[in-house]
Amino acid sequence: MDKKLLRIFALIVLIILLAGCQEEPEVETAPDEAEAEGTSQAEIRAQQYLELWNDQEFSKMYGSFLNQGSKDVYGSLNFVTWQEDIYEQLGVSDVNVTYEPPEEPVEYTKDTPADFTIHVEMETLAGPIEFDQTLTLLHESHDEMEDWFVEWDPSYILPRLELGDEVEVQMTEAVRGELVDRHDRPIAANSEAMTIGIVPMNFNTSEQKQKLARALEIDVEEINAAINKSWVQPHYFVPIKQVPMNNQLMLDRVFAVPGTQQVTSTFREYPYGEALAHLIGYIGPITAEQLAELEGEGYGPNDLIGRQGLERALEERLRGKPGVRVLAYRAGGGDPTVLFENDAGEGEVVKLTIDAELQKSIFESMGGEPGASAAVHPETGETLALVSSPSYDPNEFLKGITGSRYQELSDDPDKPLFIRFAASYSPGSAIKPVTAAIGLESGAIDPEEGVDIEGERWQLNGSWGGFHITRLHPEVENPVDLHKALVYSDNIYFAQKGLEIGREEMIAGYENFGFTENIPFVLNLQPSTITNNGSLGSDGQTADTAYGQGQMLVNILHLAAMYEPLLNGGTMYEASILLEENEPVVWKENLVSDDNAELLRAALRSAVTDGYAESANIDEVAIAGKTGTTELKMRTGEAGKENGYFVGYDSDNPDAIIAMMIEGIEDESNGSDYVAAKVASVLKQHKE
């Protein structure tokens, strides 16, 4: 052998010998083996199975964890597909399967089953389902691999479920809470009805659909729309329409249509119809957007939900808790087995401050004319009525309003869907008592001091150009004091006094009465504003604002509330509508002294007896109040429409202040007295 090759060979042998003498390096423990320290392999396998279960990884559970006997009996179709189908039917989410580890390590022998007590929780379409079960693992050899495997049966899906069962999910309708008025009269009530529906797999011919559409007096398209909703499965019960139990003729026609199903249910009813529609609102099918927004709140895709008004604002209290029954139909027949049942819970009965009969009286007095009205109790701030006219029948929406009917309402020039009591309007002279209170409290108005006003037009100086303040009654004798100015609604007097009060004091005074603030109320109402930017930019604007013109806008409920301090000692309360709010909440206080309030009350009574609210001067009720007219200028500068106001109350028994606004009174010869007549008729009926 070559010496060079011999040296290389010797070196290689030496390296091998040295390597053999080194200590063995520490080998990192595999994660599973580290976890196994103090934990048996059976327990590790149980933990891994539960993790897959929580993630609904049924294929992996079947392939890697099911014991051979379970696979032979049930197969992949029953374990994976069936389990997935049932979870889908139930709308299962948030699966959480846990077990309580033993306090001391347990040694499981290969020839003995390893049992673990587990707790199963899951959210479903109608709330949580939970149950306890025993998870059993057996030690077996699979493809030359020995380990622990789960012995499974259908009761792990739901207790008492057996192979071959047909599962049906029945939703139990929650009983929605009712709304009642202050005298317990039903406003939004539940009546007994029949929910008519179909199961798509048994109702799939055009002839069936046409017969059912005729029986229910709807279009076939509505049936197709219900069947084609995203949540519908072939075996689901799909509700089409509710029919009141007293509509026996329609029910008889429906029962004659093969393939239909009927479920007894409650039917929402609004006994006062149009009179309370905008305030109470209505319920309707939940939209996809609402369902996504309320995910996790227990709503299902076929639930009804408050869509407008108090039905929407009080949804959480009214909705109740839906229930669910999961039934298993055995292959051998017989009565179904109840696998799970969660009873429905009733919503609250909510009592309102509203006087439904007063509300109805106000609505009827408005005669369908566009306008808004509010009534409040001066000693509590309770909302007795809140009206928008014209209106719509909320019961139409419950019965399934057609697209053509909804379009008809939307296209109506009088806008019956528009909520006028939520908007704000120029108040005109109806704001003068508030301006007077501000002037009296600031000292800018001396009630005994009169001013001489000549003619029907006035301006501060020539810098106003063509702008003048005008008044309707130049025939009133001088001097004009506060009492006369209120009785005869003298714009020039209030314009001059507004300038004497001053811009900053005027702004502060109106803000003390709640202008520019959000109105505290359960529904969203537009706040009242003094001007567009919150300031008075000129003398002309200041003068105009003092008698309710300019850019001033007032909400009708707020307007009624601003008269409260004149009757109760200077306090304006937050407008309440829930009768459970027993203690009135003060919003503004010390707005007017007792002496000044007495002066204003006397003027408001004289405005009816001696002024131009003649129609409110009736024998039955000693009405006091203030009219107001606002002229809405056209873009051309010409006179346009006029809105009329009257805010009035029974001066002998002031338990309700009623503020009413009617749009478009320009053709009425007696102006805002036209509105005063309507309020007078309501106060007369209210007294009776």
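These figures come from a predicted structure and were not determined experimentally.
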> Pick one: which of W587, F421, Y573, F521 meets ring-ring contact (aromatic ring centres under 6.0 Å, His included) with H558?
Replying inline: W587
> Is a salt bridge present between E311 and R307, judged by a nitrogen-to-oxygen distance below 4.0 Å?
Replying inline: no
> Of all heavy-atom pairs between A385 and I362, which one has the smallest distance, and what is that distance?
Replying inline: CB-CD1, 3.7 Å
> Between S365 and V682, is any pair of side-chain heavy atoms under 4.5 Å apart?
Replying inline: yes
> Is there a side-chain contact between F646 and V608 (heavy atoms, below 4.5 Å)?
Replying inline: yes
> Is the number of heavy atoms from other residues, nucleotides or ligands under 6.0 Å of K684 NZ greater than 12?
Replying inline: no
> Where is the tightest heavy-atom contact between M194 and T264, given as atom of each residue plus distance?
Replying inline: SD-N, 3.8 Å
> Which is it for Y425 and Y645 under the side-chain contact (heavy atoms from CB on, under 4.5 Å) test, yes or no, and what are the steps along the way?
Replying inline: CA-CA 11 Å; Y425 298 83; Y645 279 89; 3.3 Å; yes
>> Does this structure show an ion pair linking R185 with D355, if we count only N-O contacts that are shorter than 4.0 Å?
In response: yes
>> Quick check for you: to the nearest 0.5 Å, what is the distance between I198 atom CD1 and I196 atom CD1?
In response: 12.0 Å
> Between P271 and I187, which heavy-atom pair has the shortest distance, and what is it?
Replying inline: CD-O, 3.1 Å
> Would you call H278 and S391 a side-chain contact if the rule is heavy atoms closer than 4.5 Å?
Replying inline: yes
>> I'd like to check V434 versus Y510 (side-chain heavy atoms, cut-off strictly below 4.5 Å). Are they in contact?
In response: yes
> Hey, are E357 and H686 close enough side-chain-wise for a donor-acceptor pair under 3.5 Å?
Replying inline: no
> Do you see a donor-acceptor pair shorter than 3.5 Å between the side chains of R268 and N190?
Replying inline: yes
> Are any of the side-chain nitrogens in K415 or E663 under 4.0 Å away from the carboxylate oxygens of its partner?
Replying inline: no
> Are F397 and Y392 an aromatic pair by the rule of ring centers under 6.0 Å?
Replying inline: yes
> Which heavy-atom pair separates D673 from S615 by the least distance, and what is that distance?
Replying inline: OD2-OG, 2.7 Å
>> Which residue in the set E348, E346, E178 passes salt bridge (Lys or Arg N to Asp or Glu O under 4.0 Å) when paired with R317?
In response: E348
> When you look at V376 and E564, which way does the side-chain contact (heavy atoms from CB on, under 4.5 Å) test go after all the steps?
Replying inline: CA-CA 8 Å; V376 298; E564 292 172 6; 3.5 Å; yes
> More than 12 foreign heavy atoms under 6.0 Å from CD of E295: is that the case here?
Replying inline: no
>> Less than 3.5 Å apart, any donor N or O on the side chain of Q359 or S361 sitting next to an acceptor on the other?
In response: no
> Do other residues, nucleotides or ligands put more than 12 heavy atoms under 6.0 Å from F255 CZ?
Replying inline: yes
> Considering all heavy atoms of both residues, which atom of A430 and which atom of V647 are nearest to each other, and what is their separation?
Replying inline: CB-CG2, 4.3 Å
>> Is it the case that atom NZ in K588 sees more than 12 heavy atoms from other parts of the structure closer than 6.0 Å?
In response: yes
> Testing S389, P390, S410 for side chain to side chain contact (heavy atoms under 4.5 Å, CB included) with P416, which one passes?
Replying inline: P390
>> Using 0.5 Å steps for rounding, measure from the CD atom of E221 to the CD1 atom of I223.
In response: 9.0 Å
>> Could you check whether any side-chain heavy atom of S426 comes within less than 4.5 Å of a side-chain heavy atom of Q549, counting everything from C-beta outward?
In response: yes
>> One pair to check against side-chain hydrogen bond (donor to acceptor under 3.5 Å, both in side chains): Q407 and S404. What are the steps and the verdict?
In response: CA-CA 5 Å; Q407 194 63 47; S404 59; over 6 Å; no
>> A quick test of your reading: do over 12 heavy atoms of other residues, nucleotides or ligands sit less than 6.0 Å from NZ of K211?
In response: no
> Does atom CZ of R312 have more than 12 heavy-atom neighbours, drawn from other residues, nucleotides or ligands, at distances under 6.0 Å?
Replying inline: no
> Between R176 and E315, is there a side-chain N and carboxylate O pair less than 4.0 Å apart?
Replying inline: yes
> Between S681 and K678, does any side-chain donor sit less than 3.5 Å from a side-chain acceptor?
Replying inline: no
>> Quick check for you: to the nearest 0.5 Å, what is the distance between T383 atom OG1 and I577 atom CD1?
In response: 5.5 Å
> Do you see a donor-acceptor pair shorter than 3.5 Å between the side chains of N653 and K687?
Replying inline: no
>> With a 6.0 Å cut-off (strictly less than), is the heavy-atom count around CG of D412, excluding the residue itself, greater than 12?
In response: yes
> Does the pair T629 and E642 meet the rule for a side-chain hydrogen bond (donor to acceptor under 3.5 Å, both in side chains), with working shown?
Replying inline: CA-CA 7 Å; T629 305; E642 292 180 356; 5.5 Å; no
>> Side chains of Y270 and E396 only: does a donor on one sit below 3.5 Å from an acceptor on the other?
In response: no
> Taking it one step at a time, do L352 and L578 satisfy side-chain contact (heavy atoms from CB on, under 4.5 Å)?
Replying inline: CA-CA 5 Å; L352 304 178; L578 304 178; 3.8 Å; yes
>> Is there a side-chain contact between L318 and L179 in this structure, where contact means two heavy atoms from C-beta onward sitting under 4.5 Å apart?
In response: yes
> Any side-chain heavy-atom pair from M552 and T529 closer than 4.5 angstrom?
Replying inline: no
> So, E382 versus S576: side-chain donor-acceptor pair below 3.5 Å or not?
Replying inline: no
>> Pair N555, S424 - check side-chain hydrogen bond (donor to acceptor under 3.5 Å, both in side chains), show working.
In response: CA-CA 4 Å; N555 174 272; S424 56; over 6 Å; no
> Going by atom types only, do Q89 and Q233 share a side-chain donor-acceptor pair under 3.5 Å?
Replying inline: no
>> Under the criterion side-chain contact (heavy atoms from CB on, under 4.5 Å), I'd like the reasoning laid out for V254 against L216: C-alpha separation, chi angles, the key distance, then a yes or no.
In response: CA-CA 7 Å; V254 169; L216 291 175; 3.5 Å; yes
>> When you compare the side chain of Y649 with that of S651, does any pair of heavy atoms fall below 4.5 Å?
In response: yes
>> Restricting to non-hydrogen atoms, name the atom on G648 and the atom on L683 that form the minimum distance, rounded to 0.1 Å.
In response: C-CD1, 4.2 Å
